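These numbers come from the heavy atoms of this one structure, side chains and all, not from hydrogens, waters or symmetry mates. Every value quoted in this text rests on a predicted model; they were computed, and no experiment measured them.
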Amino acid sequence: KVGMDDYVTKPIQIEQIIQILTHWTTQSFNKPPAVDKAIVIEALDPQVLDWQQSLMLAANKEDLAVDLLKMLVDSFATELNEMEQLIELEDFPQLEHVLHRLYGATRYVGAPTLQKVTGGFEQFVSTLRKERRKADESFVQDVLKYFDELKAVVEQVEQAAQQILKQHLN
């Protein structure tokens with residue numbers, strides 16, 4: 001047992017300090033709100049944003065994972081605007097290129113649904129080129145459906161990413 005006048009030799013482990021303070025005070029000390037962070041990350045839907053996978057893809061370097069996520073999220077507005085213009089212009093070869101670029105970016109961040117939707121959209125657009133077809137009305141309608149789905153998923157990823165970025169950029 002530790003006496004009131006006992007001293008602790010250095011180096012001190014945080015666990016030791018907590019043990020001693022808890023022993024001598026009625027209030028138990030918890031580690032500072034790193035717990036808070038874990039709860040938020042746990043609360044994220046791993047299909048939308050898988051933080052464990054993001055860390056793995058960043059070789060477990062948390063700062064790098066945060067930077068890669070931020071870069072992806074920062075690119076969304078530009079990519080979606082460009083896609084919207086290309087769809088209006090019916091420039092499907094260029095749309096395929098932009099989708100390919102976004103799909104490539106999702107390989108560095110754990111965002112399974114975004115990756116799946118972007119990949120599927122890219123594959124759909126590529127059938128036009130591969131089958132040397134002309135874009136008819138139903139093709140354009142399908143492209144718009146894919147685009148709406150992509151926008152919805154991007155929004156989910158953005159919201160999830162804000163939770164993580166808020167904690168790390170403080």
Side-chain angles (χ1 to χ4, degrees), residues 31-170:
K31 286 182 185 169
V35 185
D36 186 17
K37 184 159 86 177
I39 291 169
V40 171
I41 289 169
E42 281 308 299
L44 297 176
D45 179 348
Q47 287 306 304
V48 174
L49 187 57
D50 186 336
W51 188 240
Q52 288 320 113
Q53 192 192 356
S54 294
L55 285 171
M56 220 173 60
L57 292 167
N60 287 316
K61 294 179 171 62
E62 197 167 4
D63 289 350
L64 179 59
V66 169
D67 287 344
L68 290 168
L69 178 61
K70 189 172 178 345
M71 278 161 57
L72 178 67
V73 170
D74 288 347
S75 76
F76 285 154
T78 316
E79 299 290 37
L80 290 176
N81 279 336
E82 192 173 344
M83 284 183 213
E84 200 159 15
Q85 286 171 351
L86 293 168
I87 292 169
E88 276 173 32
L89 297 169
E90 298 194 6
D91 183 347
F92 297 114
Q94 188 56 27
L95 177 63
E96 187 185 341
H97 173 72
V98 176
L99 284 163
H100 185 73
R101 190 170 64 203
L102 180 59
Y103 180 75
T106 65
R107 295 216 304 269
Y108 301 100
V109 175
T113 305
L114 179 62
Q115 191 170 37
K116 202 174 72 200
V117 170
T118 310
F121 192 178
E122 182 194 349
Q123 273 180 320
F124 177 74
V125 174
S126 78
T127 57
L128 205 61
R129 175 177 54 80
K130 288 174 181 161
E131 298 169 14
R132 295 194 166 78
R133 286 193 291 133
K134 278 263 167 268
D136 58 7
E137 188 50 43
S138 92
F139 181 85
V140 175
Q141 286 311 309
D142 285 340
V143 164
L144 289 169
K145 267 186 242 154
Y146 270 103
F147 186 56
D148 283 341
E149 186 186 8
L150 178 62
K151 281 193 294 193
V153 173
V154 160
E155 201 171 307
Q156 291 178 331
V157 173
E158 266 177 329
Q159 284 171 351
Q162 290 320 317
Q163 300 296 315
I164 288 177
L165 295 174
K166 244 194 329 232
Q167 284 163 350
H168 286 276
L169 302 176
N170 282 347

Straight-line distance of Leu95 CG to Glu90 CD, nearest 0.5 Å:
11.0 Å
Please evaluate residues Gln141 and Glu137 with respect to the criterion side chain to side chain donor-acceptor pair (under 3.5 Å), reporting the C-alpha separation (whole Å), side-chain torsions for both, the decisive distance (0.1 Å), and the verdict.
CA-CA 6 Å; Gln141 286 311 309; Glu137 188 50 43; 2.8 Å; yes
Indicate yes or no: at least one non-hydrogen side-chain atom of [X] is less than 4.5 angstrom from one of [Y].
X	Y	result
Phe121	Lys116	no
Thr113	Leu49	no
Gln53	Leu57	yes
Ser126	Leu128	no
His168	Lys70	no
Leu80	Leu150	yes

Taking only residues two or more places apart in sequence or in another chain, which ones pass side chain to side chain contact (heavy atoms under 4.5 Å, CB included) with Asp142?
Phe124, Lys145
Any residue meeting side chain to side chain contact (heavy atoms under 4.5 Å, CB included) with Asn81, in chain and number order, not counting sequence neighbours:
Glu84
Report the residues that fulfil side-chain hydrogen bond (donor to acceptor under 3.5 Å, both in side chains) with His97, sequence neighbours left out, ordered by chain and then residue number.
none
In terms of side-chain geometry, is the basic nitrogen of Glu158 or Lys151 positioned less than 4.0 Å from the acidic oxygen of its partner?
no
Without swapping roles, check the side chain of Ser75 against the backbone of Leu72 for a donor-acceptor pair under 3.5 Å.
yes
Tell me the closest heavy-atom pair linking Ser54 and Gly110, and the distance in Å.
OG-N, 2.9 Å
Could you check Val153, Leu102, Thr106 and say which one makes a side chain to side chain contact (heavy atoms under 4.5 Å, CB included) with Gln115?
Thr106
Check step by step if side-chain contact (heavy atoms from CB on, under 4.5 Å) holds for Val140 and Phe92.
CA-CA 10 Å; Val140 175; Phe92 297 114; 4.1 Å; yes
side-chain contact (heavy atoms from CB on, under 4.5 Å) evaluation trace for Tyr108 with Asp67
CA-CA 11 Å; Tyr108 301 100; Asp67 287 344; over 6 Å; no
